[in-house]
Each structure stands twice: as structure tokens, then as C-alpha cells.
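Along the sequence shown, residues carry numbers from 1.
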Amino acid sequence: MKSLIEAKDKEMISKYGKLKGWDVCNRLGLQSFGDVYILRDYIDINNSKIRDIFGDEPLLCRTDAPIGQGYKMIRGRDVKLDDINNYLKEVKKCTEDGVILMSKHPSTMLTGHYTPRYKTNGAIMVVFEKEDRILIDYVGPGFDVGDITRGKTVHTAIQIPWDSIYEKPTHNYKDAQMVWKGLFQINDDQYKVSRNNRINELVSNLKEQEVQEIEESIPKETPHLDYGLFKKLYNECIDKIIYGDFQMPRKPFGIMLNIYEDKFCVFEVWNIERSISKDIELDR
């Protein structure tokens, strides 16, 4: 199956931005998803081997391109195997070098059942700006990390000065509440707009069809990043980076994750130059 290969090819990993970020994520021991396959060309969806690998549940499909072309790509989607070739056709319109990174859905792996993107428990992006700050952006239930990375919305933002990153989570959380520059919280009117935009995005661009279920699933109450979630983020993610065997790049980099029930799934270690230049490396 030359059109579909496991994401273990070192040459592919070195050339594709999201793929490389996923590989770094795994080497740092961050909770991610399972086996990833790279779809480069159209496949026979009735092939029994392919059916055995992926099954009938919606798959996590992320679009990727060679480093320097990432800005061209469309958003990832949850796609069933029967629809994968049509989705690849959209990807190839962006660039002939575009691929789909396919895996069993992380919600299924982490919780035992599939969770559509409008039923997540929110998402977080953490950006590390070395010697300056850590910036944590959060969106609430029914939103995913693509809303943050594509500049759609942020519901809570917490800023931690670099000289405080080794403090206990309780210190940094309380400090952000006290210092006005350390915290942004969306207000109720702004959240109403954000919620309406999210519903339109899901239906219009992400091809979700359960309109009534979407409206019922996304809370009307304005979400907040509470201390319990903040502490979990520190313990399971931030500490692994600041204390790990990792050479932090000088330029900003970050991690992006969705929350399924009470489980984190980190999609990749992201670098600001992913779309324009070489990516980050682990300290060997």
C-alpha cells in the first residue's frame, strides 16, 4: 500500500511540519494518539487490510504539507473511511504535496467511545517564549484547538512570566488573577458571538450535520479555565517540557491539545516556523 504508509518514515518526518511535531510530542512522553498513517494518494477503501486497520468509526484526519507550505492547507476533520478519498481530493487542490495524517480517533482510544468535535471538553494551546513568558490559551466545551490556532477565539488566556515558570501551579494561577496583564477572560456578550461563530463553522466549513445536537452540546454559559484544569495542564504537559530532555528553541514554540472527558490529547509540539522554515529538534 504505497499510497498509505505508517508514520515511521524518517525522511517523511523530517519534511512534514505536523508530522515532525507529532514525532517530537511522542519523544517527550506527552499523551497523544496512537498509530498514524500517511495518506499520499487515493486508496481502495474496500481493501480488507485497510478496513481492518481503520474500522468504521470516524477517523482523526489532519492535513499536512512539506515544511514551508503548511499555510496552504485546509482544516483537519473527523472523516469516515468511505469519505477519505473525497477529502484527499480537497487536500490535493491546496498543493500536490499535501497529505492526510490518519489515525483512529483519540477520543475513542482515550475514553472508549467516539466524541465529535462539538462535544469535546475544550482545548488548550501553550506557547513558550523563552526568557519571556508562557502563554496559555483556552477555549471551552464544544470548541477545539483549531479555534485557537486559526485565530477564531480564545475564552481564557493566562500569562506566566518566565522567571515564575518553576513556581507551583497554585502560585502562578493566583498571580494571574491578581495582575491584570496576566489574565484575559472573555465576557458574556463576546462569548455569545464566539458560540454562534463556532456553530456556523461546524456546519458550514467542517461539514457537521447534526445542527440541533451541536446547538444543545455547546454551553451557553461563558467558560473559564479553572484551577483544577490549570494544575492538570502543568503536571501532565508543561512540566514535561520545562524539566524534560529538550533543547528549547529561541523562537516561540508550543503544544496544542484537545480535552476528551478528563483526558488530554496533545496533537503536536508546534514551532512558529513550521510553515516557513526548519522545525525544532530534541536535545540529543
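- Hydrophobic clustering of Ile, Leu, Val, Met, Phe, Trp and Tyr side chains at less than 4.5 Å, counting indirect connections, unites Phe230 with Ile242.
- A donor-acceptor pair under 3.5 Å links the side-chain atoms of Gln185 to the main chain of Pro223, judged by distance alone.
- No donor-acceptor pair under 3.5 Å is formed between the side chain of Ser164 and the backbone N or O of Ile160.
- No more than 12 heavy atoms of other residues, nucleotides or ligands lie within 6.0 Å of NZ in Lys263, so this atom counts as exposed by the packing criterion.
- Of all heavy-atom pairs spanning Trp22 and Ala7, the tightest one is CZ3-O, 3.6 Å.
- Here the straight-line distance linking atom OG of Ser3 with atom CD1 of Ile38 works out to 12.0 Å at 0.5 Å rounding.
- Taking every heavy atom of both residues into account, Tyr138 and Pro141 meet most closely at OH-CD, 3.9 Å.
- When side chains are defined from C-beta on, Glu268 does not count as touching Val24, because their heavy atoms never get closer than 4.5 Å.
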- request: List the steps, then state whether side chain to side chain contact (heavy atoms under 4.5 Å, CB included) holds for Met248 with Ile241.
  value: CA-CA 8 Å; Met248 292 190 190; Ile241 290 178; 4.0 Å; yes
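- At a threshold of 4.5 Å between non-hydrogen side-chain atoms, the residues Asp97 and Tyr16 count as touching.
- Using a 4.5 Å cut-off between side-chain heavy atoms of Ile, Leu, Val, Met, Phe, Trp and Tyr, with links allowed through other members, Ile5 and Phe33 fall into the same hydrophobic cluster.
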Could you pull out every donor-acceptor pair under 3.5 Å between side chains of residues 124-135 and any protein atom, sequence neighbours left out?
residue: Glu129; atom: OE1; partner: Arg133; partner atom: NE; Å: 2.9
residue: Glu129; atom: OE2; partner: Arg133; partner atom: NH2; Å: 3.4
residue: Arg133; atom: NH1; partner: Gln159; partner atom: OE1; Å: 2.4

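- To the nearest 0.5 Å, atoms OG (Ser103) and CG (Leu60) are separated by 4.5 Å.
- Between the Ser194 side chain and the Gln190 main chain, no donor and acceptor come within less than 3.5 Å of each other.
- Judged by distance alone, the side chain of Asp64 and the main-chain N or O of Lys18 form a donor-acceptor pair under 3.5 Å.
- The salt bridge (charged side-chain N to carboxylate O under 4.0 Å, His left out) test applied to Lys104 returns no partner, not counting sequence neighbours.
- Applying the salt bridge (charged side-chain N to carboxylate O under 4.0 Å, His left out) test to residues at least two apart or on different chains, the pairs with a partner in residues 50-60 are Arg51-Asp56, Arg51-Asp82.
- For the salt bridge (Lys or Arg N to Asp or Glu O under 4.0 Å) with Lys119, the qualifying choice from Glu213, Glu261, Glu216 is Glu213, the only one to do so.
- A donor-acceptor contact shorter than 3.5 Å links the side chain of Thr63 to the backbone of Ile74.
- Residue Tyr227 is grouped with residue Leu233 when hydrophobic side chains (ILVMFWY) are merged at heavy-atom distances under 4.5 angstrom, including chains of intermediate members.
- A centroid separation of less than 6.0 Å is found between the aromatic rings of Phe54 and Tyr37.
- Although no hydrogens or angles enter the test, the distance criterion places no donor-acceptor pair under 3.5 Å between the side chain of Lys20 and the main chain of Val269.
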- request: Could you please spell out the steps behind the salt bridge (Lys or Arg N to Asp or Glu O under 4.0 Å) verdict for Asp83 and Arg77?
  value: CA-CA 11 Å; Asp83 298 322; Arg77 294 182 202 153; over 6 Å; no
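- For residues 157-176, there are no salt bridge (charged side-chain N to carboxylate O under 4.0 Å, His left out) pairs, not counting sequence neighbours.
- Side chain of Asn121 to main chain of Asp262: no donor-acceptor pair is present (N/O by atom type, distance under 3.5 Å, no hydrogens or angles).
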message: Please evaluate residues Phe143 and Thr120 with respect to the criterion side chain to side chain contact (heavy atoms under 4.5 Å, CB included), reporting the C-alpha separation (whole Å), side-chain torsions for both, the decisive distance (0.1 Å), and the verdict.
response: CA-CA 7 Å; Phe143 292 74; Thr120 68; 5.5 Å; no
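- In Arg150, the CZ atom is crowded: over 12 heavy atoms of neighbouring residues, nucleotides or ligands sit closer than 6.0 Å.
- For Lys15, the NZ atom counts as loosely surrounded, since its 6.0 Å shell holds 12 or fewer non-hydrogen atoms of other residues, nucleotides or ligands.
- Met109 and Tyr114 are not part of a single hydrophobic cluster, where members link through side-chain heavy atoms under 4.5 Å apart.
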message: Could you go through Trp270 and Ile255, starting from their C-alpha distance and side-chain angles, then the distance that decides it, and tell me whether this counts as side chain to side chain contact (heavy atoms under 4.5 Å, CB included)?
response: CA-CA 6 Å; Trp270 162 89; Ile255 59 172; over 6 Å; no
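- The salt bridge (charged side-chain N to carboxylate O under 4.0 Å, His left out) check on Lys231 picks up nothing, with sequence neighbours excluded.
- Nearest approach of Leu257 to Ile259, heavy atoms of both residues: CD1-CG1, 3.9 Å.
- To the nearest 0.5 Å, the span separating CZ on Arg40 from CE on Met12 amounts to 5.5 Å.
- With contacts defined as side-chain heavy-atom distances shorter than 4.5 Å, the pair Val154/Ile186 does not qualify.
- Side chains of Thr153 and Asp147: no donor on one and acceptor on the other come within 3.5 Å.
- The two residues Ala123 and Asn258 have their closest heavy-atom pair at CB-OD1, 3.3 Å.
- Interatomic distance, CZ of Phe267 versus CG of Leu30, reported as 13.0 Å (0.5 Å rounding).
- Salt-bridge annotation for Lys192 and Asp188: absent, with no side-chain N of the basic residue lying under 4.0 Å from a carboxylate O of the acidic one.
- The line from CG of Leu81 to CG of Asn47 is 9.5 Å long, rounded to the nearest 0.5 Å.
- When hydrophobic clusters are built by joining Ile, Leu, Val, Met, Phe, Trp and Tyr residues whose side-chain heavy atoms come closer than 4.5 Å, directly or via intermediates, Leu59 is grouped together with Tyr42.
- The closest side-chain heavy-atom distance from Lys92 to Asp41 is not below 4.5 Å.
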query: side chain to side chain contact (heavy atoms under 4.5 Å, CB included) between Met102 and Tyr87: does it pass, once the steps are laid out?
result: CA-CA 12 Å; Met102 297 170 58; Tyr87 186 41; over 6 Å; no
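- Under the 4.5 Å side-chain criterion, counting only non-hydrogen atoms from C-beta, Ile165 is in contact with Tyr234.
- Between Glu236 and Lys240, the closest heavy-atom pair is O-CD, 3.4 Å.
- Ile199 CD1 to Ile214 CD1: the interatomic distance, rounded to the nearest 0.5 Å, is 7.5 Å.
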task: May I have the step-by-step check of salt bridge (Lys or Arg N to Asp or Glu O under 4.0 Å) for Lys152 and Asp144, ending in yes or no?
output: CA-CA 10 Å; Lys152 301 285 185 181; Asp144 63 54; over 6 Å; no
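- Ion pairing of Glu201 with Arg75 is present here, as a side-chain N (NZ or NE/NH1/NH2) and a carboxylate O approach within less than 4.0 Å.
- Applying the ring-ring contact (aromatic ring centres under 6.0 Å, His included) rule to pairs touching residues 185-204 yields His155-Tyr191, sequence neighbours excluded.
- Here the closest heavy-atom approach between residue Leu19 and residue Leu101 is recorded as N-CD1, 3.9 Å.
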